[in-house]
Structures are given as structure tokens and as C-alpha cells.
Protein chains: 2
Amino acid sequence: MSQSPKPQRPTDPAKAAPSPKPSAPSARSSEPSRRSSEPSPRSSEPSPRSPEAPPPPVPTSADVARLAGVSRATVSYVLNNAAAVRISEPTRRKVREAAEELGYVPHAAARTLRAGHTRIVLLPTSHVPAGPLYSAFLDDLQWALRRLDYTVVQYGSLGLSGDQAARAWAELRPVAVISLGEIVLSARNVATLERAGAKAVITLGPVGVPGAHALVLDQGEVGAAAALHLVERGHRRIGVVVPEEPGLELFSAPRLAGARSVAGAEVEPVPLARTEESAGRLARRWRSLGLDAVYAYNDEYAMLLMRAFQDEGLRIPGDVAVIGADDLLLGRLLRPRLSTVRIQMPTGDYLAALVDRAVREGAEPAERHGLMAASAIPREST
Amino acid sequence: MSQSPKPQRPTDPAKAAPSPKPSAPSARSSEPSRRSSEPSPRSSEPSPRSPEAPPPPVPTSADVARLAGVSRATVSYVLNNAAAVRISEPTRRKVREAAEELGYVPHAAARTLRAGHTRIVLLPTSHVPAGPLYSAFLDDLQWALRRLDYTVVQYGSLGLSGDQAARAWAELRPVAVISLGEIVLSARNVATLERAGAKAVITLGPVGVPGAHALVLDQGEVGAAAALHLVERGHRRIGVVVPEEPGLELFSAPRLAGARSVAGAEVEPVPLARTEESAGRLARRWRSLGLDAVYAYNDEYAMLLMRAFQDEGLRIPGDVAVIGADDLLLGRLLRPRLSTVRIQMPTGDYLAALVDRAVREGAEPAERHGLMAASAIPREST
DNA sequence: TTGAAAGCGATACCAT
DNA sequence: ATGGTATCGCTTTCAA
């Protein structure tokens, strides 16, 4: 076992011939099959795209070096503006021109492998939650992260289990993962990611995840703000819409609980699907429920429900008060104008800074609460 | 040059001592700095996360091999279910258990480098266009691509120029790029990507891109369908909303042109921002415009405008007919119910199959038209 | 100032 | 049935 390495055949036949390269690597590396050491098949023309020519090999830094008449090391120095080494200006220009001419783009995988780490911040996406609130937040976050020189990669994780997802993400060796809460991570998953080099696993959602930096956005506050508002308006018997669509439980359950926590509120869960039919059915049996107000989960469900109530002859807010959440534009367009709960998300800058700190200083995982402020916006529907 | 390799120092000091490992690789590779060849610092415990311990090295296939008592080759065979090689069942189990125990996850970059290509399909995203139509399409596409074993990566490209973006994408060596039209690619950019190994550059949008597989989704059809519908209903003086929000010109201009192309329609462009104020202003000067119908770009703008009209005392469709586009749920909730144009996008399966064919057979770039069907859905607002 | 070369991790040949 | 090992492209040390 512990015998020293026996160089039965010369350690590296290829490297033995530095400059002109031995005629051809013969049938050596047979698998990747492409690649012929000379970038252009022969001529120097830009190759007018012959119909069935094998795809031209991707230029490497070695190609650039050859064209510029320097070593690969020099190419690397120039292209990365290496500060520790001084390269003459003529050489720099030669290198840059060669790179330009070949259309050279460095190979991220090779760099990653060499460096031992990436600057990838991975954002899992499953369903794009389509809300303008969310969109703006996402744009903001990406922007802030790029300013800090991270590469933002959204990884489509639709329909993956937590385990599958964690493995798939880990393969990319992201330096950080920011889970927006669509996929529920277990402590195991967090461990997988950290073993794969992730310096920060941040979850943004209604529940904390053991081992991760959790920004707990307490959805309960949303429900509480809504219920409190209704109670203050003199309502007591409050229906709370619980969407029937799967995947929303993580949000709806805490919102319901938050509403329940409000003193003076008698809360009744009300299942509702995001369809006209479901809303119609609910409206028709509404009077039998004996409720005088409803918190409709969010503005979309609220709109749906308001319409159904109105078609049923119920007056808003006279017969039933309605409040939504998310402060969508459409709420202001409804008549009566929809009261809502506005949710304050952490800014992209804040989150990006958190990532950066964790990456650089290895901040301890912790749960942060109270980052999400929820406040009722009274309009005409309550 | 052709001197045989001179092993000044043993080719690989690490490999020389498989089991106990030579104290440390001294100050050899100083840059990546981490990595100490032994996965666990010493003990076999899962390490109770000592406060300031250096991060444990990421396990590699070599670690798995060592733990399982086999070679790295064997590990690779087992973990990839290599068909060409038969490995005994006990060995397989040993390897799998070792991998499991270490929480081994293969390093995508290393595999990529070795393989010479990736299975990444890159979807640039800049603004998340937030429409449910778009979301559904995206989900669909990701799903279809994953079924074909591609890795879908959305690359946040907010605020990058075409050149910057193309370079950044090319670094990842994606096997295909599907540009959803938010970023406008030039022929140069396409060339950059193809030189970097992309087998297919597909653009999906109102305009074709030279050199790319272009799925031209002719937005003109949407405008035409809307205008035609209005003309058939007896309207002639038709306003066409042109959103003032930046980034929508690529869609709004062809839609406007499409409306203009309809015989019998007298089209007037109408700028409108996605705010209540803008809609209110427009509604107030509406009567002076002498128009009897409006195609409001999409359902959101239509809703905005309908509300403003109604607040202004204009009757719909009596005084002004309104039609939107995208067939959003909210259209059916408005009163009167909003007529709309439903847009038929190519399915994710179709697009995924197109990618796959291009990747495997190197299909020639071509423009495909007529993939987008648009049909008016009459409801009550026209 | 530049070049030679080691080596990051995984894979698939070619031996055994 | 397994193991040794060259290789992918890039960065960076060390030597010249």
C-alpha cells in the first residue's frame, strides 16, 4: 500500500514536449474526442462556417499565449490585472489583442477548480411567486450582490425534494445559498451544503432552519396586523382565508395563527381556492357562517372574494369587511378600495451585506427575527 | 524539450503516503490555503462545531476511496453506475456507504473540466416579468429541460450590456442559452457564446437574432387580434396603449404595429404609465381624443384604465370599448368582464426538444415564425 | 519581466 | 473486477 509512486511510464508524456507539441496526442485522450491543440484548423481566416465542419475548439489561455508569443502565466497575469507582478505595457497589449482576436473567454470551471471556491450565490427558485413585491426584492438583491462581485445564479428547483435539491446545489459549490422559502430545508440539507463549502446558508421564510442563518419573516405578524385592524374597526367574528393551493401552508398557517393571537378576535378558518367557482361557493354560504369580517390571505384572494360577495348582494364593508395583504396595485382599483396589510421586506443591500459578512468572517448561524414589519393600510373595504 | 520528465521532487508528495499522510504538505499550495488531505481533523466524531475551527475540507472522491479502501476510479464507476465496468456488489455497497458517511457530493466544476462540456442551459433573467403567463411558461420549460437531464440555470443579468452578459454567460460554458428577450443579443454575442461551446443559442422574442435559433414570437399578432376584434364590433377609432415603463418597447411597438395593420382600424397610440394617476389623467382627456375603443396593451393596464374611465363617468363598452391581453384571472372579476387576447406560447416541451435536437445534432440556426397564436376572447367590455 | 510546472477533482482509458 | 494515471483549463509559486 504505502509504497512510493512507481513511475512505470513517464509521469506525463505530453508535458515532456513543451513547445511544438508532439505531432498529435495520437489516440491518447479518446473520450472528450474534440480538441486538436491548434485552434484554427490551418488557415487564419475566421472560418466561413463550413456546413459540416466539426465545431472549432474553444480557445484556451494557451491559445492566447501562443498567439501573443508569451507563456500562459503571462496571459493569466495580464487578463486578471495581477498586482503582484509587473508586466510591460507592450506585452499587455499583445496579450489583450490576442485574447480579443480569438474571442477568448476564461473557463469558469477551471478557475473554480484551481481557486478552490466560487463566488456563486445560489438562489433556488421553484415557483416564481410572480408578485411585484417579490420581483422588486429579487432585482434589488441581485443588484446588491453583483455590486459585491458575487455571481447570482438562480437554480430552478421545481419539484425537487429537499435532499435532491441540496445535492444538486452543492455540486455547484456555491459560496452561499439564499433560500427564499419555497423549498423547505432540513438541518441535514444545510449540513450538506456547508460540507460542500457553502459559507452561508440563509433562509428567508416563516420558519427558522437549524444550522442556517435564518431570517425569520414572521408571517404571524401579517395575520395579526389584519385581525387587529378588523377588531379595532369593531369586528369580532373574523374569517381567515386559508388557500387551498398547495405550497402556501407555510405562509397561511402562521398568518392564521397570528390572527388567532389577537385579543378580542373570534377567528374562523375559511378554505378557499383561487378560482371564481370556489369564491362563489363560499359567498353563497357566507351568511350561514355568521362572520362579519374576513382577512383574505392576500389581495388576490381578497379581490376574488370581494367580487363574489358583491355578486351575492353582500355589501362591503357594511355586511362584511374585507382586508387583504401585499398592497398590490389592484387593491386600489377595486370599489370599494381594498384595505390591505403592507409587508416590509429586508432590503437587498441588507441581505447582500449579510451574505458578504458570513462569507468573509464566517458569522455564526443565528435566527434573526423582527425583520418583517407588517402594517395595516385602511382603505374603504373595512 | 523532449527530455523525459525529471521528478525533481516526487510527482505527488501527497499520493506517496496514502494512509497516515506526511504531516502536512508544508507550505506548498499556499493560495487555496484550506485543505488538509484528512477530512476530519483527527477524531471520528461528527465534530461538534468548535467555535473557531478552520472549516473542514470538502470531501473529494479520493476521501471516499480511502474510506472505502478502493481506488478513485472504482468510486467513480460506482457512483456513476458505469455500465462498461462490472463492480462487485460488496464493493459497490462499501463505496456508497463511504460516500454517504462523508456526505460526498461531486464537484461540478471538476466534472465539467474533465468532460469538456456541461449540460447547463442558461436562461438569462433581468427583470422578472412577473406575469403569470410567463411564470407558467418558465416552470414548464424548466421542468421539460430537467426531464432531458439538463441543468437549468437562471443567470441574473440585470443591468448588463449585451457584451458583458455574453461574456459572463460564456464563462459557464453552457451547452445552450435561451434568451427570453429581455436582453437583446447581437450577432457578436451569439458568436461569443458559440465559440465558448454553446451548441444552441435560442432567442425567444419579437425579433430574430442573426446566427441564433430564433423563435420569433410575433407580438404583432396580439395587437392585430385585438384591433380586429374591435373592428368587428364596429369600432374604428382605436386607441392603443403604449406603456411608458421602460423595457416594454420590444413588446409594445410590435403590438401597436400589429393593430395598425388591421384594415378598417384608425389607430392612435396612447402613452400610459402603470399608475392610477397616469390613468386618471388619460381618462380625463379621453373625450377630447375622439376614440371609441382602446386596446390597453395587457389586462393590467386595461384594469387600470377601466377603473379610471368608470370614475370619470364613461360607460364601458357603451362610450368606450376596452380590450386587454394575457387573459389574467382578474379580467373575469372586473365588471364589466374584461375582453382580452389570449396568447398561446410554445410549450416548454417543444422548446426543450428544440434545445435537445440542437445540442445533439447541431441543427442549423433558423428563424421560426408563427409559434405564437393570439386569439381574442370576447367578454363584456367590448 | 517571463517561463516552467504543480495541482485543483473527476473520469475513462489501459493495465493488471 | 480493480487500480494507476493522464487529462481537462487555469492560477500562482519558484526559478531564471
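Just so it is clear, the values below take in all heavy atoms, side chains as well, and ignore hydrogens, waters and symmetry mates. Just so it is clear, the structure is predicted and the values come from calculations on it, not from any experiment. The chains referred to below are lettered A, B, ... by the order of the sequence lines, with proteins before strands, and numbering in each begins at 1.
In this structure, A:His117 atom NE2 and C:dC8 atom P are separated by 16 Å, rounded to whole Å. For the pair B:Leu172 CG and D:dC10 P, the computed distance is 14 Å after rounding to whole Å. Taking atom CD of residue A:Glu89 and atom C1' of nucleotide C:dT2, one finds them 16 Å apart after rounding to whole Å. Residue A:Arg119 contributes atom CZ, which lies 15 Å from atom P of D:dT11 at whole-angstrom precision. Rounded to whole angstrom, the span from the CD1 atom of B:Ile87 across to the P atom of C:dA12 amounts to 13 Å. For A:Arg114 and C:dA6, the CZ to P distance is 12 Å, given to the nearest whole Å. Per the geometry, CZ belonging to B:Arg93 stands 12 Å off P belonging to D:dT2, to the nearest Å. If you take NE2 of B:His107 and P of D:dT7, they are 22 Å apart, rounded to a whole angstrom.
A:Arg111 contributes no side-chain N or O that forms a donor-acceptor pair with the base of D:dT11 under 3.5 Å. Counting atom types as modelled, B:Arg86 pairs no side-chain N or O with a base atom of D:dA1 as donor and acceptor under 3.5 Å. The base of D:dC10 does not come close enough to the side chain of A:Tyr77 for any donor and acceptor atom to sit less than 3.5 Å apart.
In this structure, B:Glu100 places its CD atom where only 12 or fewer heavy-atom neighbours from other residues, nucleotides or ligands lie under 6.0 Å away. No more than 12 heavy atoms of other residues, nucleotides or ligands sit less than 6.0 Å from atom CZ of B:Arg188.
A heavy-atom distance below 4.5 Å is not found between the side chains of B:Val355 and B:His213. Using a 4.5 Å heavy-atom cutoff, the side chains of A:His107 and B:Thr112 are in contact. Between B:Glu171 and A:Thr151, the closest side-chain pair of non-hydrogen atoms is not below 4.5 Å. The closest side-chain heavy-atom distance from B:Arg96 to B:Val78 is below 4.5 Å.
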Could you walk me through whether A:Val105 and B:Thr192 satisfy the side-chain contact (heavy atoms from CB on, under 4.5 Å) test, starting with their C-alpha distance in whole Å, then the side-chain angles of each, then the deciding distance to 0.1 Å, before giving a yes or no? CA-CA 8 Å; A:Val105 174; B:Thr192 297; 4.0 Å; yes
Carefully, step by step, assess A:Arg111 and A:Asn80 under the rule side-chain contact (heavy atoms from CB on, under 4.5 Å). CA-CA 12 Å; A:Arg111 173 180 293 167; A:Asn80 294 309; 3.6 Å; yes
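Comparing B:Ala73 and B:Leu113 against DNA chain C, the residue whose closest nucleotide sits nearer the 5' end is B:Leu113.
A:Val70 comes within contact range of the sugar-phosphate backbone alone, with a heavy-atom separation under 4.0 Å but no base atom that close. Among the protein residues, A:Thr91 comes within range of the sugar-phosphate backbone only, with heavy atoms under 4.0 Å from sugar or phosphate atoms but none that close to a base.
Dashed line: the shortest gap from a side-chain N or O of B:Ser71 to OP1 or OP2 of D:dT2 is not under 4.0 Å. One finds a side-chain N or O of B:Ser88 lying less than 4.0 angstrom from the OP1 or OP2 phosphate oxygen of D:dT2. The side chain of A:Thr74 contributes no N or O atom lying less than 4.0 Å from OP1 or OP2 of C:dT1. Between A:Ser76 and the phosphate of D:dT11, there is a side-chain N or O to OP1/OP2 separation shorter than 4.0 Å. Note on B:Asn80: every side-chain N or O is 4.0 Å or more away from OP1 and OP2 of C:dA10.
Between the two ends of the helix from C:dT1-D:dA16 to C:dT16-D:dA1, each summarised by a five-pair axis, the helix axis turns through 50° (rounded to 10 degrees).
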